[in-house]
Amino acid sequence: MDNLENQKNILISFPDGKKKEFSKGIKGLEIAGNISKSLEKKSVAMKVNGEFKDLSDEINNDSKIEIVTIESEDGLEIMRHTLTAQVLAKAIKNLYPKSKLAIGPTIENGFYYDVLLEKPLSNEDLPKIEKEMKKIVQVGNKIKKSYVNKQEALKLFSEKGETYKVDIIKESKQENNFQIYFQENTNFFDLCYGPHLPNLKHVGSFKLTKVAGAYWKGDSKNEMLQRIYGTAWKNEDDLKKYLNILEEAEKRDHRKIGKKLELFHLQEEAVGSVFWHDKGWKIFLEIEAYIRKKLNAQGYKEVKTPQIIDRTLWEKSGHWTKFKENMFLAKGDDNKVLALKPMNCPGHVEIFKQGLKSYRDLPIRMAEFGSCHRNEPSGALHGIMRVRQFTQDDAHIFCTESQVTEESLKFCDLLREIYKDFGFKELKVKFSDRPKERAGTDQVWDKAEKALLKAVKEAKLKYELNPGEGAFYGPKLEFVLTDAIGRDWQCGTLQMDFVLPERLEATYIDENGQKKYPVMLHRAILGSLERWIGIIIEQYSGKFPIWLAPTQITICTITEKNCNYAKAIDKSLKDAGIRTELDNRNEKIGYKIREHSDKKVPIILVVGDKENSTESVSIRRLGNKDFEQMKFNEFIKFFRKELEIK
RNA sequence: GCCGGAUUAGCUCAGUCGGUAGAGCAACUGAUUUGUAAUCAGUGGGUCGGCGGUUCAAAUCCGUCAUCCGGCACCA
């Protein structure tokens, strides 16, 4: 009976729809070879019914099979995985025999491996490790696999002293089929969920990029391991391309550009707070004015709430318990403890509570450019992107449950419109639903999630589910945009809150004369203005569009003779509300052009004798080598029109 | 907060073996009055992040604190 069973054929179907019979127990590599020799050569793994498997794995049932080649995205991923688990790990063990391996996953563009070492690494150690890796790759060993059960696995890794692997095996729910990968002719083996390249000849170009500390299991209570990061690509060209992108990102660094363009500075005496210089502050004010205009048009009412508020309010709102460590405190009279506000919502609720509210008053959309202080951990600070004092484009919408979808929808539209104006085209949305620990009944959560989901769908936004990641008081949407060089930034948020109004006893009177708690929508589009400006500095690489540029036009004279004409032009432009500078220094025009181009001024007007006598200007735009001439009167009209287009 | 690295002129950076500092740009002065990405010459500028230690002698070696950078953890 058993024999008959074993000889039975199985039916394999391929992605192109074709089907073929094979004998039971056939291996992936044999199937690839059966299709073509070239496929066999390129193949590195397979997908069996959508699940990744090694080519050495047997297939015993009718299955859908997809052969993964080294040229595919999946192949690249497997190569990276093998590179970290088999090559980097082995290199570390060769160089540091007493090290203990933890985990080595792939990440975007590369991989890392976490290890415990006797002595922490520094960047100077990377070339040495890289060299060792190259040696291992050059040998080009085959990678083989065996299956063991839990007990065997525990024994293997206990004997080896790999305590982290032992830990992983112990915590695993599975009893059998632990995969042990090893390289032929070596004593190296490692536990891994695979799959791996069948041999190291498929490894492409790679580079170790940085070392860092990282907590075991990502928990700061655990010991710190050494994390070695690397990047890997199909070939040298792809690797170089990627390294170029990194270089480009470095050039765009908002800290560098901020200094060069004199936008802001940071200093020791005010760690985590921005000193805005006039040029940076112009950008800040321009953005604030822009948002204010948008909010006014949408029926928001702007307010301003106190900077310092007694701790009792934070206790009532629930923030004190959770966040008091991160609040800046001030001493008041009679030993009162006051806190610099870390957020605006309780303040807004207090405004809502003034006077009796009717359902007819709702929705109330309360906005504030709220300046907040949070004592962020020192290691979290980053330029102006993560600071201790920041300004939110914050607003809270107090509404009835039936208004939630419409308000959410309106918000999504506004958010998209605003992102578009800043040149962001791609938008991702994460929908975070109920977390394990939460406030409010399941019925309320059902209602809230349904309403929010309806809004995303009606807004025609693509979203991905982020299960269990909602706030404790309600589900939320997180808006992630992609910048000019493909990096993601999470900025906007929309959170539904059924808790805070109740905690702070904010009510309205409904149609039946009953007191009810309103729903509160917490929402921000830019998030923090400081961070937003950091992001757009990098998005534009310092070349701000005209409406945001701190200096929109610089007027350059050719000689002293043109000074009066230049001054007259400067005055007319300033009178028209245009941000200009006048450069009438005794310098060559090439020198001036270079300097102002370097400062990313979008338009340079050159005036010499020719322009003076014809009341015209020469217009040179940033990034253009040539220039055009225009009558000054026309130019001013033309420019104003350009300003209206964002 | 944790791990590693860094901190030298206004800016970007060099500084060997421990022998008390150097470049380019910028600034200032003078000459040049110039047509679309750097005109020439000269001058000044530093408690080498702070404090302490080792040493005849410290930018350099050691300790410590601060800040910044790369990650981790955190992010109401």
Pairs counted as Watson-Crick or G-U wobble with both distances under 3.5 Å: what dot-bracket string results for RNA chain B, using | for bases tied to another strand?
(((((((..((((.....[..)))).(((((.......))))).....(((((..]....))))))))))))....
Can you confirm whether A:Leu381 sits close enough to A:Val271 that some side-chain heavy atom of one is under 4.5 Å from a side-chain heavy atom of the other?
yes
Base, sugar-phosphate, or nothing: which does [X] touch, judged by heavy atoms less than 4.0 Å apart?
{"X": "A:Ala212", "result": "base"}
{"X": "A:Lys625", "result": "sugar-phosphate"}
{"X": "A:Arg620", "result": "base"}
{"X": "A:Ile593", "result": "base"}
{"X": "A:Thr559", "result": "base"}
{"X": "A:Gly379", "result": "base"}
{"X": "A:Gly318", "result": "nothing"}
{"X": "A:Phe627", "result": "base"}
{"X": "A:Leu121", "result": "sugar-phosphate"}
{"X": "A:Asp219", "result": "nothing"}
{"X": "A:Ser618", "result": "base"}
{"X": "A:Ser122", "result": "sugar-phosphate"}
{"X": "A:Asp609", "result": "base"}

Per-nt protein contacts along nucleotides 60-69 of chain B (heavy atom under 4.0 Å; B base, S backbone sugar-phosphate only, - none) come out as ------SSSS
A correct 5'-to-3' footprint of nucleotides 6-13 of chain B, with B, S and - meaning base, sugar-phosphate only and no protein heavy atom under 4.0 Å, is -----SS-
Less than 6.0 Å separating the ring centroids of A:Trp233 and A:Phe206?
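Not under 6.0 Å, so no.
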Under a plain distance cut-off of 3.5 Å, with no hydrogens placed, do A:Ser618 and A:Lys610 share a side-chain donor-acceptor pair?
no
Give the rounded distance in Å between these two atoms: [atom1] of [X] and [atom2] of [N].
{"X": "A:Lys599", "N": "B:A37", "atom1": "NZ", "atom2": "P", "value": "18 Å"}
{"X": "A:Met385", "N": "B:G71", "atom1": "CE", "atom2": "P", "value": "12 Å"}
{"X": "A:Leu494", "N": "B:A76", "atom1": "CG", "atom2": "P", "value": "15 Å"}
{"X": "A:Met520", "N": "B:A76", "atom1": "CE", "atom2": "P", "value": "15 Å"}
{"X": "A:Lys561", "N": "B:U33", "atom1": "NZ", "atom2": "P", "value": "11 Å"}
{"X": "A:Lys600", "N": "B:A37", "atom1": "NZ", "atom2": "P", "value": "14 Å"}
{"X": "A:Tyr215", "N": "B:A73", "atom1": "OH", "atom2": "P", "value": "9 Å"}
{"X": "A:Arg386", "N": "B:A73", "atom1": "CZ", "atom2": "P", "value": "12 Å"}

Taking the [atom1] atom of each, how far is [N] from [M], in whole Å?
{"N": "B:G4", "M": "B:U55", "atom1": "C1'", "result": "30 Å"}
{"N": "B:U7", "M": "B:A76", "atom1": "P", "result": "35 Å"}
{"N": "B:C61", "M": "B:G70", "atom1": "C1'", "result": "26 Å"}

Kindly confirm or rule out a cation-pi arrangement of A:Arg227 over A:Tyr112, judged by NZ or CZ under 6.0 Å from the six-membered ring centre and within 45° of its axis?
yes
Stacked cation flag A:Lys100 on A:Tyr164, 6.0 angstrom / 45 deg:
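Because its charged atom misses either the 6.0 Å distance or the 45° angle limit, A:Lys100 does not stack over A:Tyr164.
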So, does [X] get its side chain near the phosphate of [N], meaning an N or O under 4.0 Å from OP1 or OP2?
{"X": "A:Lys210", "N": "B:G71", "answer": "yes"}
{"X": "A:Tyr229", "N": "B:C72", "answer": "yes"}
{"X": "A:Arg374", "N": "B:C74", "answer": "no"}

Options B:G35, B:C72, B:A76, nucleotide nearest the side-chain atoms of A:Val606
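That would be B:G35.
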Scan A:Arg585, A:Lys600, A:Lys260 and name whichever one has a salt bridge (charged side-chain N to carboxylate O under 4.0 Å, His left out) with A:Glu595.
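Passing option: A:Arg585.
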Map A:His522 and A:Ser597 onto RNA chain B by nearest heavy atom, then report which one ends up closer to the 5' terminus.
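Of the two residues, A:Ser597 wins.
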Which comes earlier along RNA chain B counting from the 5' end, the contact point of A:Glu611 or that of A:Cys345, where each point is its nearest nucleotide?
A:Glu611
Answer yes or no: is there an ion pair linking A:Glu171 with A:Lys217, defined by an N-O contact shorter than 4.0 Å?
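Salt bridge present between A:Glu171 and A:Lys217.
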